[in-house]
Structure formats: structure tokens, C-alpha cells
4 protein chains.
Amino acid sequence: MDTAALPTKDRLIRAAAKLFRTHGYHGVGLNDLLSEAAAPKGSLYHHFPNGKADLAIAAATWASDEMLRVIAASFAEAETFEDGATTLCFKLAKLFDLTGQQDGCPIGSTLFEGPGNAGFLEYADRCYSGWIAEVHDHASRFGLDAAEAGRRAEHLFLLIQGGWQLARARRSSDVLRSLPALLEMQPQTTIAPA
Amino acid sequence: MDTAALPTKDRLIRAAAKLFRTHGYHGVGLNDLLSEAAAPKGSLYHHFPNGKADLAIAAATWASDEMLRVIAASFAEAETFEDGATTLCFKLAKLFDLTGQQDGCPIGSTLFEGPGNAGFLEYADRCYSGWIAEVHDHASRFGLDAAEAGRRAEHLFLLIQGGWQLARARRSSDVLRSLPALLEMQPQTTIAPA
Amino acid sequence: MDTAALPTKDRLIRAAAKLFRTHGYHGVGLNDLLSEAAAPKGSLYHHFPNGKADLAIAAATWASDEMLRVIAASFAEAETFEDGATTLCFKLAKLFDLTGQQDGCPIGSTLFEGPGNAGFLEYADRCYSGWIAEVHDHASRFGLDAAEAGRRAEHLFLLIQGGWQLARARRSSDVLRSLPALLEMQPQTTIAPA
Amino acid sequence: MDTAALPTKDRLIRAAAKLFRTHGYHGVGLNDLLSEAAAPKGSLYHHFPNGKADLAIAAATWASDEMLRVIAASFAEAETFEDGATTLCFKLAKLFDLTGQQDGCPIGSTLFEGPGNAGFLEYADRCYSGWIAEVHDHASRFGLDAAEAGRRAEHLFLLIQGGWQLARARRSSDVLRSLPALLEMQPQTTIAPA
DNA sequence: CATGAATGAGCGTTCATTCAT
DNA sequence: AATGAATGAACGCTCATTCAT
């Protein structure tokens with residue numbers, strides 16, 4: 001993705017999304033941001049009057065929307081919920097590899113440590129709810145009742161979050177690809193007691 | 001837990017574990033650390049010659065050991081794996097509430113953004129492996145074969161990590177208490193302790 | 001005084017006069033000025049090509065003219081020089097209270113610290129000379145000879161300047177009301193109007 | 001006065017006193033201060049934890065004490081109150097010339113525009129009260145009763161403040177030397193009506 | 001073993017100004 | 001005549017670290 005042609009504001013948002021995700025809110029300086037975005041110092045406050053915090057919200061919004069697109073694309077052509085979930089996890093694994101095997105959840109990295117903590121957490125909650133709702137919708141589309149759809153959507157969300165954490169520590173995307181196997185709950189399977 | 005009586009080094013470690021977990025590695029300044037630990041200005045580099053990075057490793061070590069203790073205590077008196085997992089999740093929920101409903105994984109918060117990134121991630125991996133191995137051991141003790149024990153241990157780990165993230169965004173420990181229900185994939189099967 | 005209906009340029013001048021007087025030339029940013037004046041961003045350099053410095057001169061001019069009007073009004077209906085001086089001091093005390101008990105000499109606050117220091121000081125001198133001349137004229141009108149009129153005019157000027165300083169520190173207008181007593185050096189003498 | 005041999009903290013205080021007096025609190029940047037004091041950037045916050053505001057208070061304190069010394073020295077060898085007041089005004093005129101003919105009241109310039117405005121004004125009031133009290137003491141020593149001593153002390157204070165303002169605008173110390181003439185209140189003098 | 005004074009690079013932010021429209 | 005987007009220098013301040021004692 002060549003960002004050089006984008007307007008300054010968008011270059012700032014993408015630079016922020018990228019850097020915050022890897023180094024966390026406090027781990028990224030404005031100078032890092034500005035040089036990554038090839039933007040002059042003064043323009044940050046022109047586009048984001050409240051500075052770094054505003055930019056973090058914008059970056060989180062952009063990253064959250066990207067995630068919604070990945071979810072939608074994964075389930076769009078799926079024939080079962082498991083299919084969609086598997087595609088999603090594999091897509092995320094591929095993205096994890098592409099971005100250097102060191103990125104966690106873009107929302108958490110960006111918003112969990114910010115200064116306007118209360119507002120940041122609230123906004124993270126909204127993003128997460130959006131993701132879960134999107135998965136929920138697809139689960140419903142496959143015929144699951146509301147309770148089961150909700151349960152599965154949250155389960156998948158939690159596994160992905162946990163997967164990001166573990167993949168990051170292991171510097172390996174394999175854990176993300178192994179998530180679907182944990183999601184499959186086949187009531188017909190029995191495990192023999194020891 | 002009254003930390004006032006502890007030696008300076010331990011007070012520093014606990015202060016670091018507490019603050020890093022909430023605000024992340026870069027979100028905590030040495031002044032914050034020193035004043036939280038009620039430690040004199042110069043003592044940090046006396047006890048931790050490499051400074052903040054050393055302290056972060058020590059804090060992660062301490063936090064990881066605490067987690068191992070919580071895991072051990074949860075499974076010690078359990079009659080089934082599900083029992084132990086449930087106890088663990090409830091204990092973590094309680095701790096989450098006690099520490100202000102804003103703390104995520106103590107290892108990830110402390111080590112994922114550090115400067116010596118490579119070494120930090122490696123160390124995080126070791127901590128995580130230790131947690132999973134501890135759960136694995138208990139699963140084996142309850143008669144699960146190695147593959148199933150590994151699968152369940154990792155599943156629980158991932159759910160807890162995801163649970164911490166979601167609980168943090170929602171500022172609610174409820175999600176942690178709901179994790180065991182997602183873990184039980186074969187409700188009809190009971191597993192006898194070994 | 002409702003300034004909303006005034007043209008932008010006048011709103012800028014009054015906003016500048018108000019803010020410079022309280023916070024000093026360097027203590028007021030263009031943003032403060034623009035928002036106090038409810039003026040659009042670009043309009044400052046339209047009306048004042050040399051920017052802040054031009055505006056400061058305009059504000060000082062306006063404030064100086066206001067002071068001349070207050071002096072004139074105070075002496076206009078006076079029957080003696082002391083009468084006029086007393087009225088003036090009481091009017092200034094009232095204005096001091098109305099504007100928040102924190103304002104000093106509008107000229108000094110605006111011009112003494114500016115960047116084009118030489119020109120600013122020269123202009124301040126002209127303003128001050130104007131005030132003293134105005135008082136001198138009234139003193140002459142009451143029959144004082146040139147030397148005595150000059151002496152009294154300067155004495156009153158100095159007391160008012162000192163009074164503004166002390167009133168500001170004490171946040172009290174009382175000192176301004178006490179000035180006439182210091183001016184009266186020959187209580188037994190009455191001076192007939194010319 | 002060679003300040004090079006003084007400790008860093010004192011060099012900072014003197015640099016601040018000098019620069020604030022000429023350019024005002026907001027007109028002086030930390031870089032100006034630091035280079036005038038030949039001090040490294042980090043040491044300012046070592047000596048003055050609250051930064052510029054702390055330094056301003058320290059500078060005002062030092063300047064106020066200097067003024068008290070000048071007052072004391074002026075009255076110490078005086079034979080009458082008028083003598084002392086005259087010596088004081090002449091000393092101040094000399095200092096005015098020595099420091100570039102552009103300095104006003106060191107307290108007002110430093111404290112009237114600061115950010116911690118309330119505290120700054122309060123402190124300025126205390127300084128001014130100290131000066132007035134010092135003059136009052138000398139007046140009493142010359143046999144004036146409390147009311148007259150207070151009246152004369154405040155009168156002299158106001159004239160000096162006004163004198164500083166006018167001297168600054170005129171870039172001339174003459175006005176300071178003319179103050180004693182205004183202070184002389186000879187009840188026996190009568191002015192003939194016109 | 002333990003301390004706190006000292007430091008300069010870098011922080012996030014605001015500044016007065018320019019200029020194309 | 002009137003505007004607001006854009007800018008880089010400077011702002012006051014905090015940082016992790018060093019070192020003499």
C-alpha cells in the first residue's frame with residue numbers, strides 16, 4: 001500500500017495506526033509519527049487539534065474499520081460459520097506475518113494506556129462491540145440462534161485476542177491458524193475417562 | 001499487602017509490576033516508579049544496573065510467578081479440570097476488580113513494547129510457556145492425554161488473555177467469569193481425576 | 001458594552017486591549033485574541049499586516065484614547081483641580097473593579113515588553129505625554145501657572161501608575177481611591193477656578 | 001557583579017531576575033534564561049521542581065530583598081526622612097541607568113502576568129508590603145507618628161512605582177530623581193490663588 | 001551499599017506567521 | 001477584502017541515565 005499519494009491527514013492516521021500497534025501509545029513519539037508520515041510538525045495540530053490523543057482515536061477508528069472489513073470479507077463467501085472463522089484467522093495470521101510478527105490488537109495497543117484513559121477505554125469497548133456484533137450477524141445468517149451466535153462471536157473474539165498476544169510473544173503466526181480448532185464444539189465427541 | 005516493610009528492591013519490583021501493568025512500559029516514568037515505591041532517587045540503578053529494562057524483567061518475573069501461584073492454588077483443590085479452570089477464572093476476576101478494573105496481562109503490558117524488544121519478547125514467551133505448562137501438568141493429573149492436555153491448557157490461556165483484554169475495555173470482570181463456559185466443549189462428559 | 005455588532009477590526013482591537021492589559025503582550029496568543037474577538041483565523045493579518053505588533057499599537061492607541069476621555073470627563077464638571085483628580089481616581093477605581101481587579105496600566109502592559117522594543121517604548125511615551133498634557137490643560141484652566149500645573153499633572157500621573165500597580169497586587173481598588181489625599185499637599189489652600 | 005563563580009542555582013535566580021524585569025514573565029523563554037545563566041537545561045528543574053513559576057518566585061524574592069537593602073542603605077545614614085527618600089530615589093535612578101534604562105518594577109514585571117496568577121499576586125503583595133513597612137520603620141525612627149509614617153511610606157512607594165513606569169517610557173532616569181520634590185509636603189507653604 | 005545532584009536529548013504542544021484561494 | 005489551511009521554530013517540561021560522594 002503506497003501511502004505517499006494520500007493527503008497528509010490520512011498519512012498521519014496510517015502512520016499512527018502502524019506505529020501505535022507495534023510500540024503502544026506511549027512508545028511512539030510525535031517525531032516518529034511525523035517522519036513515518038512524512039508530515040511537517042505543525043500539520044499534526046492542524047488536523048488533530050487535541051494532538052496525540054485525537055490522532056490515537058482516529059488511528060483506532062481506522063484500524064477498527066479495517067478489522068470489520070476483514071471480518072466481512074472472511075465470512076462473505078463462507079458456507080459455514082466455521083468456514084468464515086477459519087478464513088478470518090488465516091487472514092489475520094497472514095497480516096501478522098506481513099507486518100513483522102510483532103503486532104497485537106490495534107485497539108488495545110493504541111487505546112489501553114492513553115492519557116484520557118476513561119474516554120479511550122470507552123472507545124475501545126465500542127470498537128470491540130462492533131467486531132463482536134459483526135461476527136454475531138454472520139453467525140445468525142448461518143442459522144444459529146441469538147444465544148449461540150453471541151456465544152460463538154464472543155468466543156472467537158477472545159481467541160483472536162489471546163492469539164494475538166501469544167503470537168506476538170512467540171513471533172509466530174501459527175497460533176492464529178490453530179484457533180479455529182479450539183472453536184469447534186462438537187457435542188457428539190466424547191472423551192473417554194482415564 | 002503492606003509493602004512498606006519490604007526491602008527497597010522488592011518495593012521497586014512490586015511498584016513496577018503494578019504500574020507497568022496498568023500504564024505499559026513506556027507509560028511509566030522512573031519518577032512514578034520511585035515515588036510509588038517510596039524509594040530514594042539513586043537506588044534504582046543500584047539494584048538494577050541496566051535501569052528500567054532490568055526492572056521490567058524483574059517485575060515481569062515476579063508477576064509471572066504470582067500467576068503461577070494463582071494457577072497452582074486454583075487447581076490444587078479442584079476435583080476436575082473444569083473445576084480448576086473455573087476457580088482460576090474467578091480468582092482472576094476478583095483480582096481484576098481489586099486492582100481497579102484496568103489491568104491487562106502483566107507480562108504483555110510490561111514486555112511487549114520495551115526497547116530491547118527481542119529479549120523482552122523472548123522472555124514473555126518463556127513466561128507464557130510456563131503458565132501453559134503449569135496448566136498442562138494439572139490437566140495431565142486429571143487423566144487427559146498429552147495432546148488433549150496441551151490443547152486445553154492453550155485454550156484456557158488464550159481465553160484468559162482475551163478475557164483480560166475485553167474485561168479491560170468493558171471495565172468489568174464478568175467476562176472473566178464467563179470464560180469457563182466457553183472452555184467446556186463436551187458438557188456431557190465428566191472426567192475423573194487421575 | 002456589546003462588541004458583537006462592531007466590525008471585525010474593532011473587535012480585534014478591543015479584544016487585544018482587554019487581554020494585553022491583563023496578561024501582557026507576550027502572555028496573549030493570537031488564538032486567544034482571535035477567539036476573544038470571535039474573528040476568523042485569517043483576518044488578523046488582513047487588518048494588521050504586521051501582525052501582533054500592529055495590533056498592540058492599535059490596542060494601545062484605543063486604550064490611551066479611552067483614558068483621555070475618562071480624564072476629560074472627570075475634569076469637565078469639576079470645580080477645582082482636586083475635584084477633578086478625585087473624580088478621575090474614583091472612576092479608575094470603578095473600572096478596576098469592573099474589569100476583574102487585575103488590570104494595570106493599559107499602555108505599560110501592552111507596550112513595555114514588545115519585540116520592537118524601541119518603537120513600542122517611544123509610542124508609550126507619547127501616550128503618557130498625552131495623558132499628562134490633558135491633565136496639565138485642566139490644571140491651567142483652574143488657574144495654576146505652567147510650572148505648578150506641570151508638577152501637579154505629573155504627580156497625579158505617577159500616583160495613578162503607582163496606584164494601578166499596588167491595586168493589582170492587593171486586588172483592591174481602595175488604593176486608587178486614596179490617591180487624591182496624597183495629592184493634596186496644601187490642605188489649607190483653596191484654588192479658585194479660572 | 002561577576003556571577004560566573006556563583007552556584008548554578010544562584011546564577012539562575014539572577015538571570016531570571018534580570019530578564020524577567022526587562023521582558024516580563026512570558027517574554028522570557030527557558031532558553032534565554034539558561035543561556036544567560038550558562039546553565040544546562042536539566043538543572044533548572046533540579047533546582048526548581050515547578051519550573052519557570054518557581055524560578056519567578058525565587059527571582060522576585062531575590063529582587064525584593066535587594067530593594068529592601070537599597071532602602072535600608074538609603075535611610076541608614078539619612079538625617080531626615082526627606083534625606084533618605086531622596087537618596088533612595090537617586091540610587092534607583094543610578095541603577096536604572098546601569099541596567100539599560102528599560103527596567104520597571106522587578107516584582108510587577110515578574111509576577112503580574114504569571115500563570116499561577118493568584119499565588120503570584122499574593123506574593124507580589126507581600127513583597128510590596130515589605131518595602132512599605134521598611135520605609136515606614138525609618139519614618140517612625142525620624143519621629144513621625146504611625147499615621148503620617150504610613151502615609152509617607154505609601155506615598156513614596158507609589159511615586160517610585162509610577163517613576164519606574166514613566167522612566168521606562170522616557171528611557172530616562174530623570175523622573176526618578178524628581179520624585180522627592182513631589183513628596184515634600186510643607187503645610188506651611190501656601191499657594192496664592194490665581 | 002546507598003544516595004541525590006546533575007544532565008541534555010527528547011517529549012507533546014503552542015507560537016506567530018505565510019499564502020493560496 | 002477576507003479567509004482558513006499549513007508550517008517549522010520555539011515553547012515549558014519530563015525523560016532515563018550518570019556519577020561523585
Side-chain angles (χ1 to χ4, degrees), chain A residues 7-9 12 25-35 39-56 114-116, chain B residues 7-9 12 25-34 39-56 114-115, chain C residues 7-9 12 25-34 39-56 114-115, chain D residues 7-9 12 25-35 39-56 114-116:
Chain A
T8 298
K9 184 170 185 175
L12 281 168
Y25 182 83
H26 290 295
V28 179
L30 256 25
N31 287 341
D32 303 327
L33 245 8
L34 262 4
S35 74
K41 187 148 218 171
S43 66
L44 198 161
Y45 285 84
H46 177 64
H47 295 295
F48 303 95
N50 286 336
K52 200 184 185 184
D54 268 13
L55 183 51
Chain B
T8 297
K9 184 169 185 176
L12 279 168
Y25 181 82
H26 290 295
V28 179
L30 293 190
N31 284 347
D32 304 326
L33 249 6
L34 261 3
K41 278 267 154 69
S43 65
L44 199 157
Y45 285 84
H46 175 67
H47 295 293
F48 303 95
N50 285 334
K52 200 183 184 184
D54 270 11
L55 182 52
Chain C
T8 298
K9 185 169 184 174
L12 279 168
Y25 181 82
H26 287 113
V28 179
L30 260 21
N31 284 347
D32 304 326
L33 249 6
L34 261 2
K41 278 268 153 73
S43 65
L44 198 156
Y45 285 85
H46 175 65
H47 296 292
F48 303 95
N50 286 335
K52 201 183 183 182
D54 270 11
L55 182 51
Chain D
T8 298
K9 184 169 184 175
L12 281 168
Y25 182 82
H26 291 295
V28 180
L30 257 24
N31 287 340
D32 303 326
L33 246 7
L34 262 4
S35 74
K41 186 148 222 171
S43 66
L44 198 160
Y45 285 85
H46 176 64
H47 295 294
F48 303 96
N50 287 336
K52 201 184 185 183
D54 268 12
L55 183 52

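For clarity, every value in this text was computed on a predicted model and none was experimentally measured. Per chain, numbering begins at 1; letters A, B, ... match sequence-line order.
Closest approach of D:T8 to D:S43, counting heavy atoms only: CG2-OG, 3.8 Å. Considering every non-hydrogen atom in both B:Y45 and B:N50, the closest pair reads CE2-C, 4.4 Å.
Atoms CG (A:D54) and C1' (E:dG12) sit 13 Å apart, rounded to a whole Å. The CG atom of B:D32 sits 17 Å away from the P atom of E:dC11 (whole-angstrom rounding). When the P atom of F:dA10 is taken as reference, atom NZ of D:K52 falls 15 Å away, rounded to whole Å. Rounded to whole Å, atom P of E:dT7 lies 15 Å from atom CG of D:L30. The CG atom of D:N50 sits 9 Å away from the P atom of F:dC13 (whole-angstrom rounding). Per the geometry, CG belonging to B:L33 stands 11 Å off P belonging to F:dT17, to the nearest Å. Atom-to-atom, CZ of A:F48 to P of F:dA5 comes out at 13 Å; the value is rounded to the nearest Å. Whole-Å rounding puts the D:K9 NZ to E:dT7 C1' distance at 17 Å.
Searching all strands for a Watson-Crick or G-U wobble partner of F:dA1 with both distances below 3.5 Å returns nothing. When both pairing distances are held under 3.5 Å, E:dT7 makes a Watson-Crick or G-U pair with F:dA16. Shown here, E:dT13 forms a base pair with F:dA10; the pair counts as Watson-Crick or G-U wobble because both key distances fall under 3.5 Å.
Heavy-atom distances to DNA chain F give each of D:V28 and B:H26 a nearest nucleotide, and the one nearer the 5′ end belongs to D:V28. Between D:T8 and A:G51, the residue anchored closer to the 5' end of DNA chain E is D:T8, taking for each the nucleotide with the nearest heavy atom. Comparing B:Y25 and D:G29 against DNA chain F, the residue whose closest nucleotide sits nearer the 5' end is D:G29.
Residues C:Y25 and D:H26 form no side-chain contact, since every pair of their non-hydrogen atoms from C-beta on lies 4.5 Å or further apart.
Between the CG atom in B:D54 and the NE2 atom in B:H47 there is a gap of 12.5 Å [rounded to 0.5 Å]. Here the NE2 atom belonging to C:H46 is positioned 11.0 Å from the CG atom belonging to C:L12, to the nearest 0.5 angstrom.
For DNA chain F, the neighbouring residues in residues 40-47 of chain C, judged by any heavy atom under 4.0 Å, are C:P40, C:K41, C:G42, C:S43, C:H46, C:H47.
Between C:N31 and E:dT14 there is no side-chain polar atom (N or O) within less than 4.0 angstrom of OP1 or OP2.
Panel note: side chain A:K41, backbone A:L30; no donor-acceptor pair is recorded below 3.5 Å.
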